[in-house]
Amino acid sequence: MVLIDAQNLNKTYHMGSPAQVSAGTAMTVHALKQVSLKIERGDFVAIMGASGSGKSTLMNILGCLDQPSSGHYLLAGEAVESMSADQLASIRNRRIGFVFQQFNLLPRTSALENVELPMVYAGIKAVQRQEQALTALTTVGLRDRASHTPSELSGGQQQRVAIARALVNQPQLILADEPTGALDSSTSEDIMKLLRQLNREGMTVVLVTHEADIAAWARRKLVFRDGLIVGDSQQCELSAWGAA
């Protein structure tokens, strides 16, 4: 079943002062050009490309953080390209978990409280928040670190807390933007093993990376250049996907 269905997505930015934009003299940047793709539920997709290729723009649209200039985007059957800001916020909270390169944890807040944060926005009561947060921390192997603040955790542990936070509202989709960019190679492998295990359990995972060895963990690889998809391939059996 299709989870993400994007058709003819375009994203255009006008670079310049408001006066230049009004006069039509601002520089126009075409970040996405007629991009179409479908991602099945339960897939694991890596998006690669150089800086400025359009991969981050696509990720922002898929994550309902931005809207296309034109085109159509269905997420789990819901048309999101024309939704209001409040509707987009609801979609993000209900359907999507985000994992970022810099973890984005509150520094003076415990791991448990960081994981609870999306549920606070969702209006979930405190007892249920704690129960679900502890379950998510157990999933990533950090239940015994629930009371620790980010400064008391390693980089890999902080990213695991971030993944638990992404999981806590039981989303249909995990979007990971350079999830290993701030980690060493050994810790990066641990994080990718965790994402792969979540995917094997049914979670749809889409990640942006510029590292070929990280992209090799995915089942499918998309390559962007100049706002276009120039490569779309299934990973071969020799990729990291088949590793122990």
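This structure is a prediction, so every number in the text was calculated from the model and none was measured. When reading the values below, keep in mind they use all heavy atoms of this one structure, side chains included, and skip hydrogens, waters and symmetry mates.
Under the salt bridge (Lys or Arg N to Asp or Glu O under 4.0 Å) criterion, no residue pair touches residues 47-59, with sequence neighbours excluded. Within the structure, the salt bridge (Lys or Arg N to Asp or Glu O under 4.0 Å) test picks out the following pairs touching residues 116-139 (sequence neighbours left out): E116-R129. Evaluation of the salt bridge (Lys or Arg N to Asp or Glu O under 4.0 Å) test over residues 33-52, restricted to residues two or more places apart or in two chains, returns none. Note on residues 141-158: no pairs pass salt bridge (Lys or Arg N to Asp or Glu O under 4.0 Å), not counting sequence neighbours.
Considering CG of L175 and CZ of F100, their distance stands at 8.5 Å, rounded to 0.5 Å. Remark: R92 CZ to C64 SG distance equals 7.0 Å, nearest 0.5 Å. Rounded to the nearest 0.5 angstrom, T138 OG1 and L142 CG are separated by 9.5 Å. Rounded to the nearest 0.5 angstrom, H72 NE2 and S82 OG are separated by 9.5 Å. Taking CG of N199 as the reference point, atom CZ of R219 lies at 4.5 Å (rounded to 0.5 Å). Distance check: D5 CG to Y73 OH gives 9.5 Å after rounding to the nearest 0.5 Å.
Q67 is not listed as a side-chain neighbour of I61, based on a closest heavy-atom distance of 4.5 Å or more. The closest side-chain heavy-atom distance from S147 to L112 is not below 4.5 Å. In this structure, I163 and L194 have side chains that are in contact, with non-hydrogen atoms separated by less than 4.5 Å. Using a 4.5 Å cut-off on side-chain heavy atoms (C-beta onward), M48 and K221 make contact. In this structure, the side chains of R160 and I191 come closer than 4.5 Å at one or more pairs of heavy atoms. Considering only heavy atoms from C-beta on, I174 stays 4.5 Å or farther from F98 through its side chain. Between V2 and I39 there is no side-chain heavy-atom pair separated by less than 4.5 Å. Between L198 and L167 there is a side-chain heavy-atom pair separated by less than 4.5 Å.
Residues passing the salt bridge (Lys or Arg N to Asp or Glu O under 4.0 Å) test with R94, sequence neighbours excluded: E78. With sequence neighbours left out, E81 forms a salt bridge (Lys or Arg N to Asp or Glu O under 4.0 Å) with no residue at all. Taking D66 as the reference, K11 meet the salt bridge (Lys or Arg N to Asp or Glu O under 4.0 Å) condition, with sequence neighbours excluded. For D232, the salt bridge (Lys or Arg N to Asp or Glu O under 4.0 Å) partners are R220, not counting sequence neighbours. Every residue meeting the side-chain hydrogen bond (donor to acceptor under 3.5 Å, both in side chains) condition with D184, not counting sequence neighbours, appears here in chain and number order: T187. With sequence neighbours excluded, the residues satisfying side-chain contact (heavy atoms from CB on, under 4.5 Å) with S84 are D86, Q87.
Partner of L222 under the side-chain contact (heavy atoms from CB on, under 4.5 Å) criterion, out of V45, V230, V35: V45 alone.
A pairwise comparison of heavy atoms in Q101 and A182 identifies O-CB, 3.6 Å as the closest pair. Nearest heavy-atom pair, T57 versus A31, reported as atom, atom and distance to 0.1 Å: OG1-CB, 3.7 Å. In plain terms, the two heavy atoms of T149 and P107 that are nearest each other are CB-O, 3.8 Å. The nearest pair of heavy atoms linking A76 to R95 is CB-NH1, 3.5 Å. Of all the heavy atoms in A50 and S53, the pair that sits closest is O-OG, 2.8 Å.
A side-chain donor-acceptor contact under 3.5 Å links N93 to the backbone of P118. Proximity of a side-chain donor or acceptor of N114 to a complementary backbone N or O of S110 within less than 3.5 Å is detected. No donor-acceptor distance shorter than 3.5 angstrom exists from the side chain of E189 to the backbone of S186, with no hydrogens or angles considered. Listed for the N10 side chain is a donor-acceptor partner under 3.5 Å among the backbone atoms of Q34. Q132 places a side-chain N or O within donor-acceptor distance of the main-chain N or O of V168, the cut-off being under 3.5 Å.
In terms of hydrophobic clustering, with Ile, Leu, Val, Met, Phe, Trp and Tyr side chains grouped at heavy-atom distances under 4.5 Å, L65 and L37 are assigned to a common cluster. Grouping the Ile, Leu, Val, Met, Phe, Trp and Tyr side chains by contacts below 4.5 angstrom, directly or via other members, places L74 apart from I91. Following chains of ILVMFWY side-chain contacts shorter than 4.5 Å, one cannot reach W217 starting from M59, and the two form parts of different hydrophobic clusters. The hydrophobic cluster containing F44 does not contain I96, counting ILVMFWY residues as joined when their side-chain heavy atoms lie under 4.5 angstrom apart, directly or transitively. Two different hydrophobic clusters hold I124 and V120 under the rule that ILVMFWY side chains link at heavy-atom gaps under 4.5 Å.
D226 CG: 12 or fewer foreign heavy atoms inside a 6.0 Å radius.
Grouping Ile, Leu, Val, Met, Phe, Trp and Tyr residues whose side-chain heavy atoms lie under 4.5 Å apart, directly or via other members, places L106 in a hydrophobic cluster with L117, Y121.
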Less than 3.5 Å apart, which donor and acceptor atoms pair up between the side chains of residues 201-209 and the rest of the protein, not counting sequence neighbours?
from	atom 1	to	atom 2	distance (Å)
E201	OE2	Q197	NE2	3.1
T204	OG1	G42	N	2.7
T209	OG1	E211	N	3.0

